[in-house]
Amino acid sequence: MSTIRRTRLGILGAALTIAAAAISLPHVATAAGEDKPAEPKKAEAAAPKKPDAKAEKEKPSADKPDAGPGDAGAGDAGKTAGPLPEGHPDVGELPPGHPSVEDGAGMDPHGPGEAPHGANPHGDTRRGNSGFFEAPPDTAVEDQTLPPGTMVFSIHDADERPIPNATAIIGILKSSVAQGDKRERREVTTDAQGTARLDGLPVGAGTSYRVTTQRGLGTYATEPFALSDKAGKRVVLHAYEATDDVNNALVGAQSFVFVSLREGVLQVEQLFNVFNIGKVAWVPGKGDAQVGLPEGYQAFRIPDSMTDVRFVDEPKKGPWLSGTIAPGRHEASFSYQIPLEGKDRQTFHVVLPPRVGEVRIFSEANKTMGLSVAGFPEAQRQTGRDGRKVMVTMRQAIQGERGIGGLDITITGLPVPGNTRWFALFFALSAAALAAAYTIRQRSEGTVPDEAKDDLLEAREALLGEFVALEKAHKKGDIGPKTYGRLKAALLDALARIEARLDEVKAARAEQRRRDRGETRRPRGEARGEGGSA
């Protein structure tokens, strides 16, 4: 994923997602089936810390194109599902009363406890400050001992042991302005030490690589990376044991819901942070992690993603989570719309997938709109970093709850459509009908009635009054831009018809006056003619 896309994911803010996730990790653990985090062993606590993964891992930059999901079908720990839709407001402020987010927020607030599953039979247990399993990072690091164009990759298990004879797919994406994108795939098998080497590969930012492998039900992949012209790279990819039974994996989730008002609809965006705090990956089957959406939802959209952890929409049932939930953190999101019912308050129901330990709900907060959620604390009005007002409420799963199952969200203070548009349409149709009636009458009688002009002027005044009412309603927000555009176009069309009929009336009356003057002069001429002949 490019740096630009990662930057755009900061809309929720570090305090809202990463740090807040650390605070609520015990609640996620509760939903995942852990009552308390495990205590690190003394031998592990005394062992020196491993090098910082961020220092080892070379992040892909904006000028390094990725190999694309079609090359590698990736799903690795900690990858994101793509940015929130354009224009999403900054909702990084925490609700009042929420625990403060400090540098040490990731520390276990419950203190040490006994490991619920006992000692790791493999002997090498990776546990972070929280006491849970800490997924080792996948890395792609330059090695000066390797010549340029060389890649040496290894596939390891959760305990950093090489996996021998593993099949991997090397996805290659070549990008150029002249030739566009060209994709290649190479299948490579690791040796007895779980390592494989490729030489003579293209270097430079125009070519990116991605290593993918499968282990059991799970699919795992590195982030896209490029090879430089200075040295080769050593790549490490981790593949875990996998299960399709959520009860055999330590999985929990956070859910974020943002509601905003659009033209005739409520726009709803839902984002999930899915945590796997164990050593076994979870691969949900179809419908195993279903989200039930409100009846009549429409315009369902899934953002572009570089991982296979994403939601798949199933019409009439709602989206379900798919992909490999490897150890670590994953993000997946989607958006949809709910048609307004024309009332000042509207409630909709959302069914959450299993193991949701925390839910935060945000609503756009204009002068009238309010937010309430059944079973949640009263929503608080907050100001985001971008200055926009939002209503916020949150709830965490309590001990033994095993996840929050559903949401009943009520939005109050919704604008109710006024009668302006009906009056405007009525006058527009009336004016058009009136103009048509005048035309028929004029043609049938062969003349223009004297009252035609007065009636048309009266209709024109009525339309001009509707223009004023339409502008006021639009400025107050009673009608949206689409309705405003349609009504204004209808009024302009009716006004143009009236003006055309007025021009016809004026022309007809002028012609009638000329004829009247001609008839008045004619007898004198005829009289002179008769006298001359005599």
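Side chains included, hydrogens not; waters and symmetry mates left out as well; all remaining heavy atoms used.
Val356 approaches Ala397 most closely through the heavy-atom pair O-CB, 4.4 Å. The nearest pair of heavy atoms linking Glu401 to Gln396 is OE1-O, 4.3 Å. Taking each heavy atom of Thr213 and Leu237 in turn, the nearest pair found is CG2-CD2, 3.6 Å. Nearest heavy-atom pair, Val257 versus Gln270, reported as atom, atom and distance to 0.1 Å: CG2-CG, 4.0 Å. Across Asp313 and Gly318, no two heavy atoms sit closer than the pair OD1-C, 3.9 Å. Nearest heavy atoms, Thr243 versus Ala249: CG2-CB, 4.1 Å.
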Q.
Go through it in stages, so that I can follow the logic: the residues are Val246 and Arg355, the test is side-chain contact (heavy atoms from CB on, under 4.5 Å), and I'd like the CA-CA distance, side-chain angles, deciding distance and then a yes or no.
A. CA-CA 9 Å; Val246 70; Arg355 306 292 182 85; 4.0 Å; yes
Q.
Under the criterion side-chain contact (heavy atoms from CB on, under 4.5 Å), I'd like the reasoning laid out for Leu261 against Leu414: C-alpha separation, chi angles, the key distance, then a yes or no.
A. CA-CA 8 Å; Leu261 183 63; Leu414 293 170; 4.1 Å; yes
Q: Would you please test Thr393 and Leu371 for side-chain contact (heavy atoms from CB on, under 4.5 Å) and show each step?
A: CA-CA 8 Å; Thr393 183; Leu371 167 69; 4.1 Å; yes
Q.
Pair Val265, Gln298 - check side-chain contact (heavy atoms from CB on, under 4.5 Å), show working.
A. CA-CA 10 Å; Val265 298; Gln298 60 190 26; 3.6 Å; yes
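With hydrogens and angles ignored, the 3.5 Å screen pairs a side-chain donor or acceptor of Ser322 with a backbone N or O of Arg310. With hydrogens and angles ignored, the 3.5 Å screen pairs no side-chain donor or acceptor of Arg301 with any backbone N or O of Ser335. Remark: the backbone N or O of His238 is paired with a side-chain donor or acceptor of Asp138 at under 3.5 angstrom. With hydrogens and angles ignored, the 3.5 Å screen pairs no side-chain donor or acceptor of Gln267 with any backbone N or O of Phe258. Between the side chain of Tyr220 and the main chain of Thr212, no donor-acceptor pair closer than 3.5 Å is present. Judged by distance alone, the side chain of Gln382 and the main-chain N or O of Val392 form no donor-acceptor pair under 3.5 Å. Between the side chain of Thr412 and the backbone N or O of Arg345, no donor-acceptor pair lies under 3.5 Å. For the pair Arg215 (side chain) and Ala239 (backbone), a donor-acceptor distance under 3.5 Å is present. Of the possible donor and acceptor atoms, one in the side chain of Asn276 sits under 3.5 Å from a partner among the backbone N and O of Ile325. Proximity of a side-chain donor or acceptor of His349 to a complementary backbone N or O of Leu407 within less than 3.5 Å is detected.
Residues Glu269 and Tyr336 have side chains that never bring a donor and an acceptor to within less than 3.5 angstrom of each other. Side-chain atoms of Asp181 and Ser175 include a donor-acceptor pair closer than 3.5 Å.
Side-chain contact between Val359 and Met394: absent, with no pair of heavy atoms (C-beta onward) separated by less than 4.5 Å. At least one side-chain heavy atom of Val259 sits less than 4.5 Å from a side-chain heavy atom of Ile411. A heavy-atom distance below 4.5 Å is found between the side chains of Leu464 and Leu495. Glu314 is not listed as a side-chain neighbour of Pro319, based on a closest heavy-atom distance of 4.5 Å or more. Using a 4.5 Å heavy-atom threshold, the side chains of Pro224 and Tyr209 count as separate. At least one side-chain heavy atom of Phe376 sits less than 4.5 Å from a side-chain heavy atom of Ile361. Side chains of Phe348 and Val268 form a contact here, defined as non-hydrogen atoms less than 4.5 Å apart. Looking at Val274 and Val309, their side chains never come closer than 4.5 Å, going by heavy atoms from C-beta outward.
Counting non-hydrogen atoms of other residues, nucleotides and ligands closer than 6.0 Å to CD of Glu295 gives a total of 12 or fewer.
One finds no salt bridge joining Arg185 and Glu187 here, because no Lys/Arg side-chain nitrogen approaches an Asp/Glu carboxylate oxygen to under 4.0 Å. Taking the charged nitrogens against the carboxylate oxygens, Glu184 and Lys174 do have a contact shorter than 4.0 Å, which makes a salt bridge. Salt bridge present: Glu358 and Arg360 bring a charged side-chain N and a carboxylate O closer than 4.0 Å.
For the ring-ring contact (aromatic ring centres under 6.0 Å, His included) with Phe272, the lone residue among Phe311, Trp320, Phe256 that qualifies is Phe311.
Listed by chain and number, the residues in a side-chain hydrogen bond (donor to acceptor under 3.5 Å, both in side chains) with Ser260 are Arg262 (sequence neighbours excluded).
Annotation: the span from Glu241 atom CD to Asn248 atom CG amounts to 11.0 Å, rounded to 0.5 Å. Within the model, atoms CD of Gln290 and CG of Leu352 stand 12.5 Å from one another, a figure rounded to the nearest 0.5 Å. A distance of 6.5 Å separates CG of Leu266 from CE of Met369, quoted to the nearest 0.5 Å. Distance check: Gln346 CD to Lys343 NZ gives 8.0 Å after rounding to the nearest 0.5 Å. Between Ile172 atom CD1 and Arg210 atom CZ the span is 14.0 Å, to the nearest 0.5 Å. For the atom pair NZ (Lys317) and CG (Leu293), the distance works out to 13.5 Å, reported to the nearest 0.5 Å.
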